[in-house]
Amino acid sequence: MSSTVGQAIHCRAAVAWEAGKPLVIERVEVAPPQAMEVRLKILYTSLCHTDVYFWEAKGQNPLFPRIYGHEAGGIVESVGEGVTDLEPGDHVLPIFTGECKECAHCKSEESNMCDLLRINTDRGVMLSDGKSRFSIRGQPIYHFLGTSTFSEYTVVHVGCVAKINPLAPLDKVCVISCGISTGLGAMVNVAKPPKGSTVAVFGLGAVGLAAAEGARMAGASRIIGVDLNPNRFQGAKKFGVTEFVNPKDHNKPVQEVIVEMTNGGVDRSVECTGNVNAMISAFECVHDGWGVAVLVGVPHKDAVFKTHPINLLNERSLKGTFFGNYKPRSDIPSVVEKYINKELEVEKFITHQVPFSEINKAFDYMLEGESLRCIIRMEE
């Protein structure tokens, strides 16, 4: 790899030229990393709903042409000036949010919302100079979430790179860099269900199933999955879900159904849909006196959460979380260790694999509702 240090690299990338149109495999130029940046060789990447959402240009400022992708595993190719804790050859996961280690959030044990590097969906350039590191024949191509992993090489701020155990297979642990950690952390870091407790998970996509996996790891005795799609119920059993509720099967609010099922409410609930009504149900289905509800899903910008204040006064707690309260550089390596130690299973989240040249198939699988995670192999 050393022969490319300090030079531009020409490689393949899947470029989105316009909203909702198939990605095009192009030859792109990837500039060398600048100060506090690293250039990564991506070996495996996976498709997340967030990529699809922004590719469809729903609800944000459309920015094209762009290279999407933010769940991935790779190897450091070269480092920019000032980078001391990474070196070429390190195995890493790029992360869509960061940890500068200097701001008040990074110095707090309670927060992972770095002032400098927290998620920014509108920014399509690097922080240091406001420029893109990608170009095609001189035309800049925008970055996405600071990661842009649908490229054989990418440039990322050092604060958004987690150095991991090189024994971890990158084709598996790449999924830990976004959705799995978000759901798992919401359960184990924020909800914190006691052993033997009763838990409800709203939304049984990849993030919700990761939350269920967290409840299983914590020793919950009942894990109730709530989803409008009955096709998800069978598969969710692999993640520890013991019972299922489809709100469409009942003629009263689902929170009332769950309260009746559980003799007063669940001990913990985690909401992973982003639907504000599901959020309200997740809160109102927890037991008074000790129940805790955690919101993970991102709602519509105009959505309003409404509940009676007495629900809080009766000692129910409502919490929010971002990326499972994990600090990317400090905490994600330990999540990878849980996989290595066979505490956390990630293989069951991976439903498909495609070569990079067929990346559009990954979008098809997700849009058809067939895919939890599709791994994209960069080398064919």
Side-chain angles (χ1 to χ4, degrees), residues 1-5 7-17 22-33 37-48 50-52 55 65-78 86 88-96 132-136 141-156 160-164 166-180 336 346-347 349-366 371-380:
M1 285 189 188
S2 57
S3 62
T4 55
V5 171
Q7 301 175 24
I9 289 178
H10 292 85
C11 69
R12 295 181 306 160
V15 177
W17 288 99
L23 306 188
V24 181
I25 303 289
E26 304 274 14
R27 295 291 293 177
V28 300
E29 180 174 301
V30 185
E37 296 173 1
V38 295
R39 189 161 58 185
L40 309 179
K41 178 178 173 64
I42 299 297
L43 297 180
Y44 297 94
T45 185
S46 60
L47 181 65
C48 168
T50 305
D51 297 306
V52 177
W55 166 73
R66 203 170 203 183
I67 297 172
Y68 287 99
H70 65 281
E71 278 191 355
I75 296 174
V76 175
E77 175 269 338
S78 60
L86 289 171
D90 283 345
H91 286 221
V92 295
L93 302 181
I95 311 283
F96 66 92
S132 174
R133 301 286 172 263
F134 298 109
S135 62
I136 297 178
I141 308 295
Y142 291 113
H143 295 249
F144 179 62
L145 298 184
T147 51
S148 291
T149 62
F150 294 166
S151 174
E152 291 175 315
Y153 288 86
T154 188
V155 176
V156 182
C160 301
V161 180
K163 179 181 174 180
I164 64 165
L167 297 176
L170 291 172
D171 61 328
K172 305 293 192 297
V173 299
C174 61
V175 299
I176 288 173
S177 63
C178 175
I180 308 307
V336 172
V346 300
E347 284 88 350
F349 289 94
I350 299 167
T351 49
H352 298 79
Q353 262 208 31
V354 296
F356 188 42
S357 58
E358 297 176 18
I359 188 170
N360 288 301
K361 276 190 182 172
F363 281 75
D364 294 339
Y365 292 140
M366 187 158 281
S371 173
L372 286 176
R373 281 297 182 266
C374 179
I375 303 296
I376 298 152
R377 300 187 308 278
M378 303 307 282
E379 293 183 338
E380 314 230 348

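In this chain, residues are counted from 1 in sequence order. Only a predicted model underlies this, so the values are computations on that prediction, with no experimental measurement involved.
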Inset, instruction - Could you pull out the closest heavy-atom pair between Ile42 and Met378, with the gap in Å? - result: O-CG, 3.2 Å
Legend entry - NE2 on His10 to CZ on Arg27, rounded to 0.5 Å: 8.0 Å
Inset, instruction - Can you see which heavy atom on Ser177 is nearest to which on Pro94, and at what distance? - result: CB-O, 3.5 Å
Inset, instruction - In plain terms, say whether Glu152 and Arg12 are close enough for a salt bridge, that is, a side-chain N and a carboxylate O under 4.0 Å apart. - result: yes
Inset, instruction - Would you check if the side chain of Thr147 reaches a backbone N or O of Gly69 as a donor-acceptor pair within less than 3.5 Å? - result: yes
Inset, instruction - Please indicate whether Glu347 has more than 12 foreign heavy atoms, meaning atoms of other residues, nucleotides or ligands, lying under 6.0 Å from its CD. - result: yes
Inset, instruction - Tell me, please, which residues at least two apart from Ala31 pass side-chain contact (heavy atoms from CB on, under 4.5 Å). - result: Arg133
Legend entry - Nearest heavy-atom neighbours spanning Val336 and Leu93: CG2-CD1, 4.0 Å
Legend entry - Closest non-hydrogen atom pair between Cys178 and Cys48, with its separation: SG-SG, 4.0 Å
Legend entry - Pairwise side-chain contact, Tyr153 with Leu40, heavy-atom cut-off 4.5 Å (strictly under): no
Legend entry - Spacing of CZ belonging to Phe134 relative to CZ belonging to Arg66, to within rounding of 0.5 Å: 11.5 Å
Inset, instruction - Identify the heavy atoms of Ser151 and Ile67 that sit nearest to each other, and give their distance. - result: CB-CG2, 4.2 Å
Legend entry - Separation of Thr45 OG1 from Phe356 CZ (nearest 0.5 Å): 8.5 Å
Legend entry - Nearest non-hydrogen partners of Glu37 and Val155, listed with the distance: OE1-CG1, 3.4 Å
Inset, instruction - Would you mind reporting whether Asp171 and Arg377 have side-chain heavy atoms less than 4.5 Å apart? - result: no
